[in-house]
Amino acid sequence: MRKQHGDDVQVFRITGARTGLAEDVRGRQRRYVISMLIRTVSVILAISLWNVERYVAIVALVLGAALPYIAVVIANAGRERPPSLPSTFVTVPVRPMITPPPPSEGERAEPSGMPGERPGTA
């Protein structure tokens with residue numbers, strides 16, 4: 001991942017480390033505030049549309065009632081999982097079993113009585 005700062009200095013992340021705790025908390029707080037702003041707008045919309053468009057007001061009111069629970073669940077979802085590191089164990093490759101090739105169409109001749117005799121010669 002590449003991050004750009006204001007002074008055109010590129011910083012490359014070369015490890016599989018998780019984001020910092022402060023950055024994680026900041027992201028959770030941002031998601032929670034956005035969810036609560038949507039809730040506030042939906043409650044105000046429900047109040048203002050109650051006598052005009054009752055069905056839209058009821059939907060907005062239900063959204064305003066359910067959004068705090070959803071926002072808390074999203075905010076407390078936890079940190080992302082660290083990327084999996086490669087295994088330190090080296091496994092021994094499995095050797096394939098060698099089998100005889102399947103007989104082709106031309107080799108399926110009727111067996112004759114004499115060993116070593118080619119089919120078709122009498």
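Side chains are part of it too, since the values below use all heavy atoms of this structure and drop only hydrogens, waters and symmetry mates.
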Original post:
In Å and rounded to the nearest 0.5 Å, what is the CD to CD1 distance from Gln29 to Ile34?
Top reply: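 Taking CD in Gln29 and CD1 in Ile34, the distance rounds to 12.0 Å.
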Original post:
Once you round to the nearest 0.5 Å, how far does CZ of Arg31 lie from CZ of Arg28?
Top reply: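 Separation between the atoms: 7.0 Å.
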Original post:
Is Met36 reachable from Val43 through a run of I, L, V, M, F, W or Y residues, each pair having side-chain heavy atoms under 4.5 Å apart?
Top reply: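 No, Val43 and Met36 fall in different hydrophobic clusters.
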Subject >> Nearest heavy atoms of Gly64 and Arg39, plus distance in Å >> reply: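 Looking at all heavy atoms of both residues, the closest pair is O-NE, 2.8 Å.
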Subject >> Pairing residues for Leu37 by the side-chain contact (heavy atoms from CB on, under 4.5 Å) criterion, not counting sequence neighbours >> reply: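 Applying side-chain contact (heavy atoms from CB on, under 4.5 Å) to Leu37 gives Val33.
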Subject >> Residues in side-chain contact (heavy atoms from CB on, under 4.5 Å) contact with Leu49, at least two apart in sequence or another chain >> reply: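 Applying side-chain contact (heavy atoms from CB on, under 4.5 Å) to Leu49 gives Leu45, Val52, Val56, Ala57.
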Subject >> From Leu63, Leu61, Val62, residue fulfilling side-chain contact (heavy atoms from CB on, under 4.5 Å) relative to Ser42 >> reply: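 Among Leu63, Leu61, Val62, the one meeting side-chain contact (heavy atoms from CB on, under 4.5 Å) with Ser42 is Leu63.
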